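Because the structure is a prediction, the values reported are computed rather than measured. The basis for the numbers below is simple: all heavy atoms, side chains too, and nothing from hydrogens, waters or symmetry mates.
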Amino acid sequence: MEHPLHIYNTLTRKKEQFIPLHAPHSGMYVCGPTVYGDPHLGHARPAITFDILFRYLQYLGYKVRYVRNITDVGHLEHDADAGEDKIAKKARLEQLEPMEVVQYYLNRYRDAMKALNVLPPSIEPHASGHIIEQIELVKHILDNGFAYESEGSVYFDVEAYDKKHRYGILSGRNIEDMLNTTRALDGQEEKRNPIDFALWKKAQPEHIMRWPSPWSDGFPGWHCECTAMGKKYLGAHFDIHGGGMDLVFPHHECEIAQAVASQGDDMVRYWMHNNMITVNGQKMGKSLGNFITLEEFFTGSHAMLAQAYSPMTIRFFILQAHYRSTVDFSNEALLAAEKGLARLMDAYKSLLKLQPADVSSADISSLRAKCIEAMNDDLNTPIVISHLFDAVRLINTAKDGKGTFTVADLSELRGLFELFLFTLMGITGEAAAAGGGTEAFGKAIDLLLTIRQQAKANKDWATSDKIRNELTALGFEIKDTKDGAEWKLAH
RNA sequence: GGUUCCUUGGCCGAGUGGCUAGGCGCCGGUCUGCAAAACCGUUUACGGCGGUUCGAAUCCGCCAGGAACCUCCA
């Protein structure tokens, strides 16, 4: 590789060259969803970001194990439902088994990810399926003197830990500041220190998701699952841990503390975080209630949406911003993404029809290297896309008869689109136009357009416009070109 | 209050010292029976005030505004 991959490491706040611990193998762990609600646009960001990384690492030749967990236990509520977790609360409200709720929303999540063409990870471990591993983790931390038992619960002793290591290394905090700013949480009176966090929580009598442990019938604290499952599937040291920026503190900070407290050092070499999707400048999220679910985007069924947006539009919209920047949702921005993507796809289709010539009128040899360079620069997909648009201009010029390409250059251009747009950025081809489109169906449309062509030749504008207008009304887009008419289904 | 970070043209969004980012939109032109599409061209930038430098959107300081995290969150 002439340009090695560099990724931004939150821990060092620098771009660093990616050097896997055990090439050609590479391991990545990404915090997945808590499955207690429909997936919204915010969930698409990390899924797509790390999907790009997953695809690119494979392209570079690594054998990647990608672990993305399913959080289906833990996550304490902060209000009066002391000790009751979100899954259990939802279950009781809906009179469903907790695992029924989990399965329902997990299915919904997977459907949405599939629509977005997010590749399934190598392993999707459930927190509830790894209670034993989490209990083992807590035991190690206790044995090493960095935790204490209190009233059947186990808490991480942040102060003891901070004397030997440093708590706050990832988020840049120090415990003096945190001592002054930590709010009063449930179970506070059981803790030695307000900033201590739960490793194991004793379950209240009404709490239905519970497991036996040496300390009580209860459930693991909410940071344990990632530490335990990361170690189980990727080993005590692995390459990449990713997630949303909102997880840096406390979640990932606590994961580091747990790893160091249990095994002496952190498991993770590179910490990567995607930024948030915002609405009117504010984070789109469950707690603010300002989220739009992915299904609502796909169907257009939300008051804030001017129309439906296809999964590929959503994907392209997200990839047009760098993953470490916030991206602000608006109909205007989504519409622009939709049109831009259509332009890209149209150019690709035109490319397939271009006839080769003896010479090329434009030099395209640098495009591939530029795209690779952008990918290597911390997965800069907006730059990759801008280079593809450069190619679009050249293709369209040739289509207009004002330029030519050799066989080799046509094949290079095709390869460019196929590699960067389809394989690496995961844009799928005929997603929008494919609906019900069979060969015979297409031929029928072609027949109508042939009739229209004959009418035009006879200057029978009434007939030709009637065919075009009625096809348009039925949802087709008709384009007249030099070589006859083209059509496609408008979403 | 603390920690981290952001402020680019009508909109979105790249860009860490000098070279046209790109997309969408607008306007003009080419093409077209008309339109759409396509192509060409044009236009509007780097929150404010200072400083460093031959030169700053890019580095430093101050000010203004905003965000994330400090409670579950992607």
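- Comparing the same atom, P, in B:rG50 and in B:rG23 gives a spacing of 36 Å after rounding to whole Å.
- At a threshold of 4.0 Å, the pair A:D465-A:R468 counts as salt-bridged, since one of the basic side-chain nitrogens sits closer than that to a carboxylate oxygen.
- Contacts of A:S171 with the nucleic acid, taken as non-hydrogen atoms under 4.0 Å apart, involve only primed sugar atoms and P, OP1 or OP2.
- If you check B:rC39, B:rC34, B:rA74 against the side chain of A:R452, the one that comes closest is B:rC34.
- Residues that satisfy the side chain to side chain donor-acceptor pair (under 3.5 Å) test with A:N290, not counting sequence neighbours, are absent from this structure.
- Regarding A:M284, its CE atom lies at a distance of 12 Å from the C1' atom of B:rA74, rounded to whole Å.
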Check your understanding: With the sugar-phosphate defined as primed atoms, P, OP1 and OP2, and the base as all remaining atoms, what B/S/- string results for nucleotides 9-23 of chain B, 5' to 3', for protein heavy atoms under 4.0 Å?
Key -> --SSSSS-----BSS
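- Here A:K283 reaches the OP1 or OP2 of B:rC69: one of its side-chain N or O atoms lies under 4.0 Å away.
- If you check distances only, the side chain of A:R468 does reach the base of B:rA35 with a donor-acceptor pair under 3.5 Å.
- The nearest whole Å value for the distance from the CZ atom in A:R324 to the P atom in B:rC5 is 11 Å.
- Taking atom P in both B:rG15 and B:rG22, the straight-line distance is 15 Å, to the nearest Å.
- Put simply, CG on A:N174 is 8 Å from P on B:rU3, counting in whole angstrom units.
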Exercise for review: Can you run through RNA chain B from 5' to 3' and write each base as (, ), [, ], | or . depending on how it pairs? Watson-Crick or G-U wobble, both distances under 3.5 Å.
Suggested key: (((((((..(((.....[...)))..((((.......)))).....(((((..]....))))))))))))....
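- Here the P atom of nucleotide B:rC6 and the CZ atom of A:R13 are 11 Å apart, to the nearest Å.
- For the pair A:H43 NE2 and B:rC73 P, the computed distance is 10 Å after rounding to whole Å.
- Ion pair A:K399/A:D346 not flagged as a salt bridge, since none of the NZ, NE, NH1 or NH2 atoms sits closer than 4.0 Å to an Asp/Glu carboxylate oxygen.
- Taking CG of A:L288 as the reference point, atom NZ of A:K286 lies at 12.5 Å (rounded to 0.5 Å).
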Practice item. Report the C-alpha separation of A:D38 and A:H40 in whole Å, then their side-chain angles, then the decisive distance to 0.1 Å, and conclude whether the side chain to side chain contact (heavy atoms under 4.5 Å, CB included) test is met. Key: CA-CA 6 Å; A:D38 264 343; A:H40 59 73; over 6 Å; no
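- Atom CG of A:L344 and atom P of B:rC24 are 10 Å apart (whole Å).
- A side chain to side chain donor-acceptor pair (under 3.5 Å) with A:H273 is found for exactly one of A:T10, A:D246, A:T49, A:N9, namely A:T10.
- Each of A:V248 and A:G172 lies near RNA chain B, and the nucleotide nearest A:G172 is the one positioned closer to the 5' end.
- At a threshold of 4.0 angstrom between heavy atoms, the contacts of A:G243 are confined to the sugar-phosphate backbone, with no base atom among them.
- Under a 3.5 Å cut-off, the side chain of A:N331 and the backbone N or O of A:A306 do form a donor-acceptor pair.
- Taking the P atom of each, B:rU4 and B:rG61 are spaced 13 Å apart, rounded to whole Å.
- Nearest nucleotide to the side chain of A:N396, out of B:rU3, B:rA38, B:rC73: B:rA38.
- Distance check on atom P: B:rC26 versus B:rC11 gives 15 Å, rounded to whole Å.
- Checked by distance alone, A:K402 brings no side-chain donor or acceptor within 3.5 Å of a matching partner on the base of B:rC40.
- Across residues 274-281 of chain A, A:N274, A:N275, A:M276, A:I277, A:G281 each have a non-hydrogen atom less than 4.0 Å from an atom of RNA chain B (numbered order).
- Here the side chain of A:N376 pairs no donor or acceptor atom with the backbone of A:H6 at under 3.5 angstrom.
- Remark: A:R324 is positioned above the aromatic ring of A:Y8, its terminal NZ or CZ atom under 6.0 angstrom from the ring centre and at most 45 degrees off the axis.
- No donor-acceptor pair closer than 3.5 Å links the side chain of A:D377 to the backbone N or O of A:N380.
- The stretch residues 310-340 of chain A participates, sequence neighbours left out, in these ring-ring contact (aromatic ring centres under 6.0 Å, His included) pairs: A:F297-A:F329.
- Considering A:E295, A:R110, A:R108 in turn, A:R108 is the only one that fulfils the side-chain contact (heavy atoms from CB on, under 4.5 Å) rule with A:P39.
- Of all nucleotides listed (B:rG33, B:rA68, B:rC39), B:rG33 comes nearest to the side chain of A:D465.
- B:rG13 and B:rC6 are spaced 15 Å apart, taking the P atom of each and rounding to whole Å.
- Here the side chain of A:S128 pairs no donor or acceptor atom with the backbone of A:V73 at under 3.5 angstrom.
- Spacing between atom CE of A:M178 and atom C1' of B:rU71 amounts to 15 Å, rounded to whole angstrom units.
- For the side chain to side chain donor-acceptor pair (under 3.5 Å) test, residues two or more places apart in sequence or in another chain that qualify with A:E253 are A:S171.
- In this structure, of B:rC70, B:rA74, B:rA67, it is B:rA67 that holds the atom nearest to the side chain of A:Q282.
- B:rG65 and B:rA56: their C1' atoms are spaced 22 Å apart (whole Å).
- Along RNA chain B, the nucleotide closest to A:L335 and the one closest to A:S464 are compared, and the more 5′ of them pairs with A:L335.
- For A:R173 and B:rU3, the CZ to C1' distance is 5 Å, given to the nearest whole Å.
- Distance check on atom C1': B:rG10 versus B:rU42 gives 15 Å, rounded to whole Å.
- Nucleotides B:rG47 and B:rC31, compared at atom P, are 43 Å apart to the nearest Å.
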